[in-house]
Amino acid sequence: MCGIVGYIGDGNGARRIIIDGLKRLEYRGYDSAGIALAADGRLAVEKSVGRIANLEALLASSPIDSHAGIGHTRWATHGAPSRENAHPHTNGDGSIAIVHNGIIENYAELKEMLIAKHGVSFRSETDSEVAAHLIGLFYEGDLFAAVNRAARELRGAYSICAMAAAEPDRIVAIRKDAPLIAGLGENCNFLASDIPALLKYARTIYLIENNETVLITRNEISIFNERAERVKRDVFHVTWDADAAEKGGYDHFMRKEIFEQPAGVAETLNRRLDENGGIRLDGISLTKRDLERIERIYIVACGTASHAGLAGKFAIERFARIPTEVDIASEFRYREPYINDRTLFICISQSGETLDTLAALREAKSRGARVLSVVNVVGSSVARESDDVFYTWAGPEIAVASTKAFTTQLICMYLLALYMGRTLGTLPDGEYERVLSELRQMPDRLSALLEDEPKLREIAKKIYKNERVFFIGRGNDVGVALEGSLKLKEISYIHSFAIAAGELKHGTIALIEQDSLVIALATQDRLFEKLLSNIEEVKARGARVIGLAKAGNREIEKQSDEVIYIPACADEVTPILAVVPLQLLAYHVAKLRGCDIDKPKNLAKAVTVE
Ligand code: AGP
């Protein structure tokens with residue numbers, strides 16, 4: 001998820017206005033940035049690594065005045081953060097410049113063709129650069145035509161803004177499955193991937209639809225369909241303030257990111273599935289021989305990531321039959337773990353900068369383990385120091401409380417486990433297809449589940465004054481109980497506590513008294529009856545119980561004061577759905593308690609200290 005901005009107008013304010021706009025898009029990605037400005041018959045391009053402020057400082061040292069330009073703030077997916085990989089990208093002679101948000105799925109074959117047939121030399125590792133060369137290839141003095149001709153070669157998701165040195169008074173943009181808007185200013189016009197970039201200068205905007213091309217000059221915005229016919233579009237008047245706009249109209253980044261989960265899960269899943277139902281591990285070569293040599297797997301992480309590890313253990317042992325242990329990183333490195341060159345060390349981290357996790361990785365690597373990481377931030381320390389990286393494509397996660405990173409981490413763990421099982425031949429007939437079909441349905445099931453938010457808001461109103469909450473579960477629900485408890489405690493500051501339901505009787509049940517609140521997860525079909533008995537246990541001691549079960553398991557209503565249902569799905573993958581009501585419950589409880597939801601006290605988004 002990157003941020004793009006285009007501006008054209010009177011005067012020479014393009015540099016400042018584009019930088020302003022990019023700063024407002026930093027929540028979409030901030031590992032590198034760049035700008036291209038029309039100046040003296042050419043396109044002046046400046047790029048830098050890091051935050052927008054670095055680009056601003058670079059430009060301040062040699063200011064370029066211009067009336068038109070395009071800018072970009074990057075969230076790396078292909079190619080680590082670097083000056084070469086930063087946008088804008090240009091064609092060979094620099095006469096065309098583009099900025100791109102999205103992913104060009106067939107970039108490898110296009111790159112190969114451009115090199116082999118047209119002798120193009122590439123400067124970056126990105127997918128985006130192929131668009132610059134293609135537009136350059138088809139350019140014959142008409143940028144609009146060249147952009148449309150090039151787009152016909154692209155597959156994937158993209159919103160692209162393009163400029164030509166020979167046409168300094170226009171910018172052309174095209175959109176497919178990645179957001180793009182156009183803004184009407186005073187003697188100036190804008191393009192952007194999102195509203196916050198424009199708010200300081202324009203509140204009247206056009207929402208550009210798929211397969212549409214936009215041509216902007218200082219006086220006009222023209223929108224065309226894929227047959228190059230001009231289309232009429234109603235304007236949209238933005239009433240949000242800038243802060244609300246960065247959150248896409250949501251009150252908090254956390255809620256925005258909860259609602260981004262269907263897209264994040266779809267993105268992380270679908271681009272790994274090939275047309276024959278196989279799983280692509282993005283260049284991770286885990287051959288059958290490699291897998292047969294593995295005698296033990298450690299999954300090591302912290303916090304939410306470690307809870308994803310528990311689901312990963314469940315799946316790997318079930319599908320690939322390889323002994324798998326989950327450990328929290330801060331303990332792993334000090335317990336002298338048994339590691340050798342037949343150990344696979346799987347490290348999960350959203351930020352890729354958590355020091356405990358990084359230190360555990362280094363420990364494992366130094367003792368001969370193969371390191372495979374599941375990471376959300378491209379080019380992060382964990383990613384760079386791993387032998388293999390399996391990226392979650394959740395996009396930037398801004399809220400301290402991790403949500404969309406968790407569900408996309410689960411997707412990666414399930415894909416890995418299925419891949420291993422299929423490669424080793426340890427999956428019973430039809431199991432691979434069955435579970436993969438369950439995963440394919442997850443984006444829609446998540447969307448349907450999010451529609452139940454009003455029910456969770458109502459439950460939150462009943463429980464937000466509690467100062468103590470217990471989460472219980474069995475099997476695959478234990479990890480989700482831990483995650484639900486962590487969500488609640490870290491943003492509402494309620495003392496919540498998660499425990500395997502079977503453990504209650506070994507001590508913890510002493511704490512259950514009249515009106516104790518217990519959230520009981522009962523999604524595991526084969527453990528459902530046992531969980532019902534655990535509910536009986538706590539009810540007998542006066543507890544109030546909120547049950548969480550698959551749709552149709554209405555028996556739980558007899559023992560519970562409230563029941564939250566998730567769409568029916570296979571036991572192996574219930575965590576993807578079961579966590580969502582708990583995320584929403586935690587969010588609404590914290591909101592009712594007036595807590596700082598996106599930046600809870602004492603917490604940081606990446607814990608880079610021991
Ligand atoms: C989760 O909501 C917390 N923010 C925290 O537990 C987090 O998951 C943990 O610090 C690990 O972070 P990482 O995934 O970036 O390594």
Side-chain angles (χ1 to χ4, degrees), residues 299 301 303-304 306-319 321 323-328 331 406 410 413 417 466 468-489 494-550 552-566 568-579 581-582 585:
I299 303 176
T304 289
S306 69
H307 303 150
L310 289 170
K313 166 192 165 70
F314 190 89
I316 290 173
E317 290 193 331
R318 192 180 180 96
F319 299 150
R321 317 304 294 163
T324 303
E325 238 180 281
V326 178
D327 215 332
I328 55 172
E331 287 299 312
F406 178 72
L410 292 176
M413 295 312 293
N466 278 66
R468 194 167 63 164
V469 180
F470 296 85
F471 289 76
I472 64 172
R474 283 177 175 261
N476 233 345
D477 283 335
V478 174
V480 182
L482 287 164
E483 177 55 15
S485 173
L486 174 59
K487 287 287 90 58
L488 185 64
K489 74 178 80 169
I494 287 174
H495 289 258
S496 70
F497 175 87
I499 186 169
E503 269 296 282
L504 271 171
K505 57 187 174 296
H506 299 288
T508 303
I509 202 160
L511 294 177
I512 303 295
E513 55 195 17
Q514 188 58 35
D515 292 335
S516 292
L517 177 58
V518 176
I519 296 177
L521 281 67
T523 73
Q524 304 297 287
D525 294 339
R526 60 196 184 84
L527 297 166
F528 186 65
E529 295 305 324
K530 288 203 174 301
L531 210 290
L532 293 184
S533 340
N534 294 130
I535 293 176
E536 290 287 359
E537 278 176 335
V538 295
K539 288 294 284 181
R541 289 157 179 84
R544 284 167 44 219
V545 173
I546 297 173
L548 189 151
K550 287 176 190 168
N553 287 351
R554 298 178 59 92
E555 197 182 335
I556 194 170
E557 291 175 12
K558 292 180 198 136
Q559 286 96 340
S560 306
D561 300 274
E562 295 271 359
V563 178
I564 300 164
Y565 286 107
I566 64 170
C569 65
D571 278 9
E572 296 87 347
V573 294
T574 55
I576 298 176
L577 298 176
V579 74
L582 305 183
L585 195 57

Side chain to side chain, Ile546 and Val563, heavy atoms closer than 4.5 Å: no
Nearest heavy-atom neighbours spanning Asn534 and Gly502: OD1-N, 4.4 Å
Separation between CG of Leu482 and CZ of Phe497, rounded to the nearest 0.5 Å: 9.5 Å
Interatomic spacing from CG in Asn553 to OG1 in Thr523 - rounded to 0.5 Å: 9.5 Å
Side-chain donor or acceptor of Ser485 paired with backbone N/O of Ala481 under 3.5 Å: no
Stepwise side chain to side chain contact (heavy atoms under 4.5 Å, CB included) check, Ile535 with Ser560: CA-CA 8 Å; Ile535 293 176; Ser560 306; 4.2 Å; yes
Side-chain ion pair, Glu317 and Lys313, N-O less than 4.0 Å: yes
Lys530 atom NZ, over 12 foreign heavy atoms within 6.0 Å: no
Side-chain donor-acceptor contact under 3.5 Å, Thr304 with Lys487: yes
CG-CD1 distance between Leu577 and Ile566, expressed to the nearest 0.5 angstrom: 5.0 Å
Student check: side-chain heavy atoms of Glu483 and Phe406 closer than 4.5 Å: yes
Approximate separation, where rounding is to 0.5 Å, of His495 NE2 and Asn466 CG: 12.5 Å
Option from Val518, Leu488, Ile499 for which side-chain contact (heavy atoms from CB on, under 4.5 Å) with Phe471 holds: Leu488
SB check Arg318 Glu572 (cutoff 4.0 Å): yes
Pairs involving residues 538-549, ordered by first then second residue, that meet side-chain hydrogen bond (donor to acceptor under 3.5 Å, both in side chains) (sequence neighbours left out): Lys539-Asp561
Residue among Leu517, Ile519, Leu504, Leu511 satisfying side-chain contact (heavy atoms from CB on, under 4.5 Å) with Phe470: Leu511
Derivation and outcome, side chain to side chain contact (heavy atoms under 4.5 Å, CB included), residues Leu532 and Glu555: CA-CA 9 Å; Leu532 293 184; Glu555 197 182 335; 3.5 Å; yes
Point-to-point distance, once rounded to the nearest 0.5 Å, from CG of Leu531 to CD of Gln524: 9.5 Å
Derivation of the side chain to side chain contact (heavy atoms under 4.5 Å, CB included) call for Ile472 and Leu521: CA-CA 6 Å; Ile472 64 172; Leu521 281 67; over 6 Å; no
Leu582 side chain reached by Leu548 side chain, heavy atoms, under 4.5 Å: yes
Side chain Thr574, main chain Asp571, donor-acceptor under 3.5 Å: yes
Nearest heavy-atom neighbours spanning Val478 and Gly473: CG2-O, 3.4 Å
Nearest non-hydrogen partners of Ile564 and Pro581, listed with the distance: CG2-CB, 3.6 Å
Enclosure of Arg468 CZ (heavy-atom neighbours >12, cutoff 6.0 Å): yes
Side-chain donor-acceptor pair present, Thr508, Glu503, cut-off under 3.5 Å: no
Nearest-0.5 Å distance that lies between atom CD1 in Ile512 and atom CD in Glu537: 9.5 Å
Residues in side chain to side chain donor-acceptor pair (under 3.5 Å) contact with Glu536, at least two apart in sequence or another chain: Gln559
